[in-house]
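Notes for the one structure printed next.
Quick note: numbers below take in every heavy atom, side chains included, and nothing from hydrogens, waters or symmetry partners. As the structure is a prediction and not an experimental result, all values here were calculated from the model.
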Amino acid sequence: MPADGFRGVVDDMLSRCRFWCAVLLSSALVVGCQSRPARASKPSAEQASISAARTGGMDRSAEKAAQAHAHYAAAVVHEMNDETEAALEDYFKAAFEDPGDEGLVLEVSRRFIQNKQPEKALELLNRAALEPNASGAIFARLGIVYGQLGKTEQAITAGRTAIKRSPDSLAGYQNLFVNYLQAKQEQEALKVLDEAAKQTNVDDEYLIGLSELYLSFGTQAPSQKDKINAKALAVLNRAEKFNPANPSLRLKLAEAYNSAGNTEKAAELYLELLKKLPDLPMIRERIHAKLAGIYLRGSDHKRAVEQLQAIVREDPTNPEAYYYLGYIAYTEKKPAEAADYFSKTILLNPDFPDPYYELALSQINLNQCDEALDTLDKARKKFPQNYTLELCAGLAYYRKKDYRQAVGHYTAAEVIAKATDPSKLDEQFYFQLGATYERLGELTQAEQYFEKSLKLAPDSAEAQNYLGYMWAEHDTKLDKARELIEKAVKSEPKNAAYLDSLGWVLFKLRQPKEALGYILKAVELSEEPDATLFDHLGDVYAALNEGDKAREAWTKSLAVEPNDEIRKKLGSPPGK
């Protein structure tokens, strides 16, 4: 038994010893006084009989109480000696001897429930329930035991009695609620919570606990979640008016608000708690994590980073915080920062697979493809072959322009996904596979995968443009190519790449006049000079017999990127 638990048991035992010693001493004093010679006249026979009866009753009551405590003390000693069965036997005798001591009965019944002996707990609780002033707590516990024994009807009856005896105690409602849920009577369970919500003479702890029950119901009845969350929030707003000072209760209040969907209020309470709990690092870390979760869900990356950085300041060995910092940096297109955070995550928790793949993707974005493949090799040695591993390897080889290797890894990823999770084979996967085959010059395969991608996402402008441009570039299916690219341009009318594709397919259809406007617009909208755009513009001007403008455009293309084909158009020797 842990030291604190031991002290608690001993303190409880000493407290009970002091109480019962006081009772016995009081009883002895009463008896002693009555044994002294009386100064008044001799009592009548009837008075003597009554006095004797009362004294005997006190003796029996005190004797039973003393016996109960003796058993309790013996049970504590047995427990200290790890004699569990003997301890439980004496605990049982203690509660059985004194069923009016509800604290004792509840404590001992809890022990039997924890030791999977509900029948023993039931015997004690039924005896205590016969006491004239038995409280709702006894019947609430009785409901728990009946529920464990599968006696639903008796459990519900006990729950109803608990509520009747103690309507301002949540325990009765809670146990009745659970029993109705176990009996699959969801609407009856909800009625119990609504009945509990009608109570007015209750405190903040009761209301926060009730909100948690509502939220628990919401998770089990997702179709009613919005309605249930509204009920939970109404109860929480009542609790919040008490302005609970207890930090533990305020933390519960914040977490309930968070679960019910009022993240703004939850964040406000969490931030208040951070100011009031400077010396509780574990609690603070938990609060920082909750706040980070709220801000991440709301895409408030700035404040999420503040909370995550607070976590790593207080605990520099927290891998999860580094992982989410890496995730934010990656989504904000800061691959160098992301790579640093993911590297720290792996260092602190090398058995967590996701950071390896995230690190590899960050390295690919940094054009560190060999480093990315090295990271993936480390993952390959630690974890089973999987879809993500093969996909990342394919992306690394694609960036290295080793398209044959890329296709091999994409194909492996496809086989794994078909066997484990076909939903991963989405339009983006097939788009990437189509693009890789196109780079290999295997146009039939490329077309097949682009069409798979479009089947999954018919409105994908990216796939429409790529397939249309591929056809245009190879002078095939030009009418279909134009149709696809026009759809892409309609979706994104200011996309320079799509405008260039439309101009190019029109050029291939021998409509240079119509093509010119689209390509000029593409050049205008392009964020930086693009060699292909200027090359296309030069070809269109040449087709329109505007030689000077054609040469100007081709010259600009060469300034961006050397190209022997364009030099030939300008009449320059290759390489010059």
Handout entry: Test item: side-chain donor near acceptor, Glu414 and Tyr430, under 3.5 Å
Key = yes
Handout entry: Electrostatic pair Glu195:Arg160 at N-O distance under 4.0 angstrom
Key = yes
Handout entry: side-chain hydrogen bond (donor to acceptor under 3.5 Å, both in side chains) assessment of Gln309 paired with Arg313
Key = CA-CA 6 Å; Gln309 288 178 340; Arg313 279 197 303 273; 4.9 Å; no
Problem - Ring-ring centroid check Tyr323 Tyr341, cutoff 6.0 Å - result: no
Handout entry: Within 6.0 Å of CG in Asn81, more than 12 heavy atoms from elsewhere
Key = yes
Problem - Nearest-0.5 Å distance, CD1 of residue Ile138 to OG1 of residue Thr161 - result: 12.5 Å
Handout entry: Flag for Asn386-Tyr357: side-chain donor and acceptor within less than 3.5 Å
Key = yes
Handout entry: NZ/NE/NH1/NH2 to OD/OE distance under 4.0 Å, Glu89 and Lys93
Key = yes
Practice task
Verify whether one side chain among Arg303 and Gln307 offers a donor that lies under 3.5 Å from an acceptor in the other.
Solution key: no
Exercise for the section: Report the relative orientation of the aromatic rings in Phe92 and Phe112; use parallel for angles under 30°, tilted for 30 to 60°, perpendicular for over 60°. Expected result: perpendicular
Practice task
Before accepting this row, confirm whether a basic side-chain N of the pair Glu272/Lys275 lies closer than 4.0 Å to the acidic partner's carboxylate O.
Solution key: no
Practice task
Would you please indicate yes or no on a ring centroid separation below 6.0 angstrom for Phe342 and Tyr330?
Solution key: no
Exercise for the section: State plainly whether the residues Glu107 and Arg111 are in salt-bridge range, i.e. N to O under 4.0 Å. Expected result: yes
Handout entry: Donor + acceptor pair across side chains of Glu240, Tyr257 (<3.5 Å)
Key = no
Handout entry: Intermediate values then yes/no, side-chain hydrogen bond (donor to acceptor under 3.5 Å, both in side chains), His71 and Glu97
Key = CA-CA 9 Å; His71 285 301; Glu97 288 288 348; 5.0 Å; no
Exercise for the section: Would you please indicate if the ring centroids of Phe431 and Tyr449 are separated by under 6.0 Å? Expected result: no
Problem - Lys151, NZ atom: more than 12 neighbouring heavy atoms under 6.0 Å - result: no
